[in-house]
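Here is the structure we will look at, set down as structure tokens.
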Amino acid sequence: DPVHTIITMSLHSLVLGSLYAAAEADPYKILGVTRSASQAEIKKVYKRLAKEWHPDKNKSPEAEDMFIKITKSYEILSSEEKRSTYDRYGQTDDTQPYGQYRHRHSHFDFDEAFFNFPFNKNSRDFADGKYALHFDQYVNNVVPGSFKRPYLVKITSDWCFSCIHIEPVWKEVVQEMETLGVGIGVVDVGYERRLANYLGAHRTPSILGVINGKVTFFHYAVAKELLKQFVEDLLPQRLVEKVTDKNQLEFLNSWQEINKPHVLLFDQVPAVPLLFKLTAFAYKDYLQFGYVDQGISDTADLLKQFNINTYAPTMLVFKENIDKPADIIQAKGMKKQIIDEFMSNNKFLLVPRLVNQKLFDELCPVKQFHRRRKYCVLLLTSDEESFSPGNQAFLSFASTNTREVLRFAYVYQRHQQPLCDVLTQSKETPWFSQVVILERRNAAGKTLYKPVTAWNGSEEDQQALVDELERLHKDPSILNYDATLPELNNEFASMFIIRWVYSSYDYLTEVVDDILHNNWREMMPLVSLIFSALFILFGTVVIQAFRLNSHITYTSNLVRLRPGHMNVVLVLTHASKNILLSKFAKEVYSFTGSVTLHFSFLNMDKHSEWMHSLLEYAQEALRHDAHDDHQAANRRADYTGYVMALNGHKKYLCLFRPVYTGEDADANRSRPGSRDDHPPPPPRKSYRSRSVSTLQIHHKLDRLGLWMERLMEGTLPRYYVPAWPGLDKITPGK
């Protein structure tokens, strides 16, 4: 029968084709390993083949297809469940081409297939509902959140058949990554075209990562292992340090320099687990992370020293004592929730150093009426060797007097001079350590405090501090001094240039990656950013270096600007610098768009003689100032908070004199120590005048905005200068 012969031949061809396809897709043959190969052997072969066939390095036409086969084969053989299924049935869901159906689908149901295809918003897959991203949500949630965890985002659309093909792999990756703490998002270009354009995604499907606000596109075949590697590659490279017997002391001893506890993870795998890397990224501002590979001989002493159980991952946190861990956790299959709780409970040293305002805000929070009081026991000290015994005694005291309402901390006087000036009683030389108990009352810096004792760590000092803490527990009103604290200096600001170099390296790496993939439309925002940065660099640094002549002096930068340009100069001191600069920036912000205005500051501590010489030409304004204050006879030359607008070409200046508009200082004087929420305590012994002065500094620039408007209108008095003071008027020896 001809028909029977044709059907038989067709079936025979179909069977042979299936057998050939199955043989061609054999993961053992693709990787070139035997069925008895161990996981270590399979992984070793996979790494070698993946490197050999990677499309970036192998330019042969079949490289990409071969690379995909190698990756999928490794996915099967590296999973015990999938490997067992393949050994029993000769195939798994992963070895079937997209057009074939799985064993459990014995027939094709047209209606079922049609309604499962996501052609409308209401019938989309699970990710489209749970993880759907909108523009505002991306800007307000994802971008800020990407500084604590990376995000994996899929760009999709309706009627996108390729999107359906990647869906099984995407689901599997999402389920695994989400449990590790990776953020997930889905953008449907049919409904969020604005967000897709903002991200630079111009085709579907696309997958991208977001970290530290930066977008990176995934360029390879959509396979589970490649997507996992993509997420890992998003993370900074220097998050976790490999620790061995040789460098463990150096690693742990750096706690004082970087002002952070140290976390060590002990595990038997050679590579740092992704969960630990993600944890290190989330807590990088608080903790330093290290990894110990238990499988190598170079870590044997570490395992013995800390009595590590090699049968389960172990995590230790070290604080000031590097010989004994402050906390420990050990469990098979550590979950993210357990690790997060462990990290949150150990974010700070027992006695951390206040190195910036952010840390101060976290350690010594502002009093909240609905919460229990928090007191900060602060040691004002020095990093000189002679202060070391007292500093160590304070640490020992803190370790034996821990309470929920107390936070112990210290500052170095030379790094936080303005804060120490406000809080210390003694101005004697040599300077000595002192302990202060304080409670912060509002975000503007208002603080109640009490100096307790000069501190050298003696038993008498410790007993005096114990007595004061007991009194505080019974009567909070013993904090009978008040002050407005200045914002803390950022002691790690010098690290910015190092972080900038690292960020620049990451950007250059991304540019090279985009060039290799010819993804020009997606890399245009990055190229634009880089060229803008280069333009600013060369425009403001290089061009200025060669304009007119190569000798740029202090005077020419300050006053000799082009015709029509003015330099608005704030006068301050070292102690008032942070307060005044913050206020100055707010007052002049609306005028910074003018190309004819330049903004600077002048430090009176360094250039008081230059200032005096210049203001000799504005005596009329100064006499008016003194008359208003009824202090003409003995007026002190305090120019803090003055603002000068200097016109270098026409040689004149306009002068802003501070006008105090804050709290009534006289009221404070008439009622020393007045507080909003307590009856007046006994007369205070110390710093009312200093507190009032600090408060006045904050308000000295209250009317600067109105003065700036008059400056722009040209209605301010002008004081002409025959010649600008020269370099010889700069205070010598400063």
Side-chain angles (χ1 to χ4, degrees), residues 413-414 416-422 424 427 429 431 486-487 489 552-561 566-585 587-588 598-629 631-648 651-660 689-690 692-701 704 707 717-734:
Q413 181 248 2
R414 71 183 182 93
Q416 303 295 343
Q417 185 69 55
L419 177 70
C420 293
D421 286 345
V422 173
T424 54
K427 295 296 180 182
T429 303
W431 192 84
E487 184 172 330
N489 297 324
I552 302 298
T553 66
Y554 167 81
T555 307
S556 63
N557 264 333
L558 188 62
V559 295
R560 291 178 187 168
L561 298 172
M566 299 189 74
N567 202 330
V568 181
V569 182
L570 168 67
V571 182
L572 46 75
T573 60
H574 182 75
S576 63
K577 181 177 179 180
N578 289 335
I579 298 173
L580 285 179
L581 279 179
S582 177
K583 181 74 171 178
F584 184 66
E587 292 293 325
V588 303
H598 307 265
F599 299 91
S600 313
F601 69 85
L602 180 73
N603 193 328
M604 276 290 293
D605 294 336
K606 296 181 178 180
H607 308 304
S608 58
E609 189 174 345
W610 190 94
M611 183 72 178
H612 291 313
S613 299
L614 179 64
L615 291 186
E616 287 179 1
Y617 304 107
Q619 288 301 312
E620 181 182 347
L622 297 180
R623 281 195 297 270
H624 178 67
D625 186 23
H627 177 72
D628 288 348
D629 292 339
Q631 295 175 346
N634 56 358
R635 177 177 55 84
R636 296 183 60 191
D638 178 15
Y639 300 123
T640 305
Y642 278 55
V643 178
M644 302 177 292
L646 309 177
N647 189 314
K651 293 184 180 179
Y652 70 79
L653 66 93
C654 300
L655 187 65
F656 169 83
R657 292 172 291 107
V659 179
Y660 180 73
S689 60
R690 184 176 297 154
V692 170
S693 175
T694 305
L695 190 58
Q696 286 179 339
I697 290 174
H698 179 73
H699 290 285
K700 279 190 172 185
L701 302 179
L704 180 60
W707 183 85
R718 298 177 180 181
Y719 305 99
Y720 286 88
V721 180
W724 299 108
L727 292 174
D728 58 316
K729 293 299 182 182
I730 295 179
T731 305
K734 292 289 185 178

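Values in this document were obtained by computation on a predicted structure and should not be read as measured data. All values below come from the heavy atoms of this structure, side chains included, with hydrogens, waters and symmetry mates left out. We number each residue from 1, following the sequence as shown.
- Distance check, rounded to the nearest 0.5 Å: CE of M611 to NE2 of H607 gives 12.0 Å.
- No donor-acceptor distance shorter than 3.5 angstrom exists from the side chain of S582 to the backbone of N578, with no hydrogens or angles considered.
- In terms of heavy atoms, C654 sits closest to P717 at SG-O, 3.5 Å.
- Contact record, L580 with G641: CD1-N, 3.9 Å, taken as the closest heavy-atom pair.
- From N603, atom CG reaches atom NZ of K577 across 7.0 Å, with rounding to the nearest 0.5 Å.
- Taking 4.5 Å as the limit, some side-chain heavy atom of V422 sits within range of a side-chain heavy atom of P486.
- Residue L614 holds its CG atom at 5.5 Å from CE of M644, rounded to the nearest 0.5 Å.
- Within the 4.5 Å cutoff, the side chain of P418 has heavy atoms near those of the N489 side chain.
- Although no hydrogens or angles enter the test, the distance criterion places no donor-acceptor pair under 3.5 Å between the side chain of S576 and the main chain of L572.
- In this structure, A645 and W707 approach most closely via the heavy-atom pair CB-CH2, 3.8 Å.
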side-chain contact (heavy atoms from CB on, under 4.5 Å), that's the test. Do V569 and V643 meet it? Break it down for me. CA-CA 5 Å; V569 182; V643 178; over 6 Å; no
Give the intermediate values and the outcome of side-chain contact (heavy atoms from CB on, under 4.5 Å) for residues Y652 and V721. CA-CA 5 Å; Y652 70 79; V721 180; 5.9 Å; no
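- Using modelled atom types, one finds no donor on one side chain facing an acceptor on the other under 3.5 Å when comparing D605 with T573.
- Every residue two or more places apart in sequence or in another chain was checked for a ring pair (Phe, Tyr, Trp, His ring centres under 6.0 Å) with F599, and none qualifies.
- Applying the salt bridge (charged side-chain N to carboxylate O under 4.0 Å, His left out) criterion to K583, with sequence neighbours excluded, gives E587, D702.
- Taking CZ of F584 as the reference point, atom NZ of K700 lies at 15.0 Å (rounded to 0.5 Å).
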Verdict with reasoning, L602 to W610, per side-chain contact (heavy atoms from CB on, under 4.5 Å): CA-CA 10 Å; L602 180 73; W610 190 94; 4.0 Å; yes
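- Across all their heavy atoms, H598 and N567 have their closest contact at O-OD1, 3.2 Å.
- Here the CG atom belonging to L704 is positioned 14.0 Å from the OH atom belonging to Y642, to the nearest 0.5 angstrom.
- Residues meeting the salt bridge (charged side-chain N to carboxylate O under 4.0 Å, His left out) test with R718, sequence neighbours left out: none.
- Taking 4.5 Å as the limit, some side-chain heavy atom of L701 sits within range of a side-chain heavy atom of L570.
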